[in-house]
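Take a look at the structure set out below.
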Amino acid sequence: MAGVPDKFSVRVLDRSLVVYRAIHMAVSGFEDRDGLARLARRRPERIGSHILRLDLRPGLGICCTDATGGPGHWSIWGTPAHLRSCVVDIHRV
């Protein structure tokens, strides 16, 4: 799974938009681990150096959709703490 970039150039003028912004940020998930590893080796600045495997559990408020990217791509939304609690494996690329 690719991570969210460390820095954002988003300036929040209205405090109520903080929730809106957080809801619309997602991490990318991929069904093909080998394909993602190849992509990460080609584009480490974009993908990162590690691949995480998640076991998403019900009741944590985590949402996902496959409608935002190409075949085998998923966008996954949730609080960082809930997403971290679903990590079951970390693989260095």
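On a predicted model such as this, the values are computed, not experimentally measured, just so you know.
One finds the CG atom of L39 at 12.5 Å from the CG atom of D34 (value rounded to the nearest 0.5 Å). A distance of 3.5 Å separates CD1 of I62 from SG of C86, quoted to the nearest 0.5 Å. Taking CG of D55 as the reference point, atom CG of D89 lies at 11.5 Å (rounded to 0.5 Å). With values rounded to the nearest 0.5 angstrom, L36 atom CG is found 9.0 Å from S28 atom OG. Distance check, rounded to the nearest 0.5 Å: CH2 of W77 to SG of C64 gives 8.5 Å. To the nearest 0.5 Å, the span separating NE2 on H82 from CD1 on I76 amounts to 15.0 Å.
A donor-acceptor contact shorter than 3.5 Å is absent between the side chain of R53 and the backbone of H91.
Across all non-hydrogen atoms, the minimal contact from G48 to A40 is O-CB, 3.8 Å. In plain terms, the two heavy atoms of S85 and L60 that are nearest each other are OG-CD1, 3.9 Å. For the pair L54 and L83, the tightest heavy-atom approach, listed with the atom from each and the gap, is CD2-O, 3.9 Å.
Using a 4.5 Å cut-off between side-chain heavy atoms of Ile, Leu, Val, Met, Phe, Trp and Tyr, with links allowed through other members, V88 and V93 fall into different hydrophobic clusters.
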